[in-house]
There are 2 protein chains.
Amino acid sequence: MPVEREKYSRAIEDYLKIIFELLEASGRVSTKQIAEALDVKPASVTGMLQKMSAFKPALVNYRKHHSVSLTPEGRDIALRVIRRHRLIERFLQETLGFSWDKVHEEAHRLEHVVSDEFEKRVAEVLGDPEFDPHGSPIPTRELEMPEHSQKPLSELDKRERAYIREVPDEDEGLLLYLEEVGVVPGARIEVLERSPYDGIMTLIVMGQLQNAVLGPSITRRVFVEKKR
Amino acid sequence: MPVEREKYSRAIEDYLKIIFELLEASGRVSTKQIAEALDVKPASVTGMLQKMSAFKPALVNYRKHHSVSLTPEGRDIALRVIRRHRLIERFLQETLGFSWDKVHEEAHRLEHVVSDEFEKRVAEVLGDPEFDPHGSPIPTRELEMPEHSQKPLSELDKRERAYIREVPDEDEGLLLYLEEVGVVPGARIEVLERSPYDGIMTLIVMGQLQNAVLGPSITRRVFVEKKR
DNA sequence: ACTATTTATTAGGCTCACCTAATAAATAAT
DNA sequence: ATTATTTATTAGGTGAGCCTAATAAATAGT
């Protein structure tokens, strides 16, 4: 039963998307987190959560002062928006030549207005890509999120080697820096140094002349995998 | 001085676009016409005209019960939106394989959210096309609307010949029919018959087996040119 | 266990862009 | 020139999604 289009507002799509992503990242979501991620006040989040939980088919399960989770309907919408976002990012990069630091913002605006047909044709033109330009997996047509068995770069020890799999997509400045030092999906790295107190890591990046030095606020959001 | 983005709402962009198009088509605009074109009530149009004329730099010149016209600012915004709309239509057709009857609706949603960079890259990828899929001229980067010395098909007399230049873009059913009978931009036609009372025209379309029979509600909105 | 701090919720307002109903102005018909 | 009809404007109202300020609940510190 496909969720129909144009049924939910941009705001609702944004809330569901961010709730899904926060749940995936840390297992729980707070009003405050949502407010920060969407750049609105907590009071507005409370209002929206109440509204979304009161919908005909509820989009979220909400118990005040306690948990927030997605209903199957809410999850479907979230995955749809995420699929469109990531497909569009890839499309902007491949078809229109956008740099990887510019695709996020543009995709964020487009994801709420494109039709099913647009989504379908983009997927076809790109040959059903599995990842967006930052390495995030693209949910399938059937809205299944591919498994990605990976861990944060921050958990690697000295001398460990791994492949970069995924980097955060929303910080343009960071993306420019990561590109410069070669920390991009697919890159092979080795941990040269790891400061035990502040967690700053120095990486050897294969094929790069310079090492990459990254603080924990970054390494916690960069994901790696051992196998190729 | 380029008009900045994101400064005006979708609604305002829509109003300015339709006012421009109505002014171009008939030289004047009524509240009622705008209301019908945008599918809102006349009262809403009055309200919006007042608002747009009260803007810091006014977007329209408005004298109640009398004329509506665009200020230079309003015209610039209108041309920008029209340029984006027509470029996107072309892009959807050429790059994503949309049929010509489906591009209008999709472009209408996209035109309000794409960035200047998106517009620029689409124009580059397409090689700065001059016309959209329905033959409407695309305003240049400098927001100049190319001249098109053409007249309505309805003004042709029996036995006159001409080339189809432009067809209306918003009616999907009509577009499917026009495609079927070969009345598409570039087609060469001859007026075989013209009923003097109801204005129904029968056309020979070069390269088509069947003649095309079109009523005045259509022939008034299809534009032709004598020279190739 | 009590107090301080953080986080979440309620209550009441605001803006945008629309609506309806009532009124007024412009235009057409007799 | 009245009257009838069409078109436009005003006045007041609605829902979405945000805001601030005040209050309540949960969490942390002593």
Side-chain angles (χ1 to χ4, degrees), chain A residues 4-19 22-23 26-69 74 77-78 81 108-109 111-113, chain B residues 5-19 22-23 26-56 58-69 74 77-78 81 108-109 111-113:
Chain A
E4 276 160 42
R5 304 299 321 288
E6 209 57 47
K7 231 176 129 179
Y8 302 103
S9 68
R10 272 155 248 257
I12 286 175
E13 288 189 348
D14 277 340
Y15 275 92
L16 292 173
K17 185 173 95 162
I18 213 66
I19 291 168
L22 290 170
L23 282 170
S26 65
R28 61 212 173 72
V29 214
S30 68
T31 304
K32 197 192 172 204
Q33 276 180 303
I34 299 171
E36 274 163 9
L38 295 178
D39 196 25
V40 298
K41 302 293 151 179
S44 304
V45 174
T46 299
M48 193 55 119
L49 289 175
Q50 290 171 343
K51 187 176 177 177
M52 292 193 298
S53 68
F55 254 73
K56 323 93 174 290
L59 304 179
V60 297
N61 303 117
Y62 170 66
R63 281 175 44 233
K64 68 155 80 164
H65 292 294
H66 293 280
S67 66
V68 175
S69 63
I77 298 162
V81 178
H108 180 59
R109 274 179 277 110
E111 68 193 14
H112 302 295
V113 304
Chain B
R5 303 301 318 290
E6 211 55 44
K7 234 176 126 177
Y8 301 103
S9 68
R10 271 155 248 254
I12 287 175
E13 288 190 349
D14 276 340
Y15 274 93
L16 292 172
K17 185 174 98 164
I18 212 68
I19 291 168
L22 290 171
L23 282 170
S26 65
R28 62 213 172 70
V29 214
S30 68
T31 303
K32 198 192 172 204
Q33 276 180 302
I34 298 171
E36 274 165 9
L38 295 178
D39 196 25
V40 298
K41 302 292 150 178
S44 305
V45 174
T46 299
M48 192 55 120
L49 289 174
Q50 290 169 342
K51 185 175 179 178
M52 292 193 298
S53 68
F55 254 70
K56 323 95 173 286
L59 302 179
V60 298
N61 303 118
Y62 169 64
R63 281 173 44 233
K64 68 154 82 164
H65 293 293
H66 293 282
S67 64
V68 175
S69 64
I77 298 162
V81 178
H108 180 59
R109 274 178 278 111
E111 68 193 11
H112 302 295
V113 304

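The basis for the numbers below is simple: all heavy atoms, side chains too, and nothing from hydrogens, waters or symmetry mates. Chain A is the first sequence line, chain B the second, and so forth, proteins listed ahead of strands; every chain is numbered from 1.
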Could you tell me which non-hydrogen atom of A/Ile18 sits nearest to which non-hydrogen atom of A/Ala37, and how far apart they are?
CG1-CB, 3.4 Å
Quickly work out the B/Leu49 CG to C/dA17 P distance and round it to whole Å.
13 Å
Euclidean distance, atom CE of residue B/Met52 to atom P of C/dC18 [Å, nearest integer]
10 Å
Checking D/dT10, C/dC19, D/dA8 against the side chain of B/Val40 (C-beta onward), the nearest is C/dC19
Nearest heavy-atom contact between A/Ser44 and A/Tyr15 is O-OH, 3.8 Å
Rounded interatomic separation in angstrom, taking CE from A/Met48 and C1' from C/dT10
17 Å
Whole Å only: how far is the CD1 atom of B/Ile34 from the P atom of D/dT7?
14 Å
For D/dG17, does either OP1 or OP2 sit under 4.0 Å from a side-chain N or O belonging to A/Ser9?
yes
Does a nitrogen or oxygen in the side chain of B/Ser44 sit under 4.0 Å from OP1 or OP2 of C/dC19?
yes
Within this structure, what is the OG-OH distance for the pair B/Ser69 and B/Tyr62, rounded to the nearest 0.5 Å?
12.5 Å
Quick one: is D/dG17 close enough that its OP1 or OP2 comes under 4.0 Å of any side-chain N or O from A/Lys51?
yes
For the student: nearest non-hydrogen atoms of A/Lys17 and A/Glu111, plus distance:
NZ-OE2, 2.9 Å
Using whole Å, report how far CG of B/Leu38 lies from P of C/dC18.
8 Å
Under 4.0 Å between a side-chain N/O of B/Tyr15 and OP1 or OP2 of C/dC16, yes or no?
no
note: B/Gln33, atom CD; D/dA8, atom C1'; distance rounded to Å ~ 13 Å
Would you kindly give the CD1-to-P distance between B/Ile12 and C/dC18, to the nearest whole Å?
10 Å
Below 4.0 angstrom from OP1 or OP2 of C/dT9, is there any side-chain N or O of A/Tyr62?
yes
Tell me the interatomic distance from B/Lys41, atom NZ, to D/dT14, atom P, rounded to whole angstroms.
18 Å
By the 4.0 Å heavy-atom rule, please label B/Ala43 as base, sugar-phosphate, or nothing.
base
Please find the pair of heavy atoms, one from B/Val29 and one from B/Val68, that lie closest to each other, and give the distance.
CG2-O, 4.0 Å
Whichever of A/Asp39 and A/His66 has its nearest DNA chain D nucleotide further upstream toward 5'
A/Asp39
Reckon B/Thr46 has a side-chain N or O less than 4.0 Å from the OP1 or OP2 of D/dA8?
no
Residue met sooner reading DNA chain D from 5', once A/Lys64 and B/Ser30 are mapped to nucleotides
B/Ser30
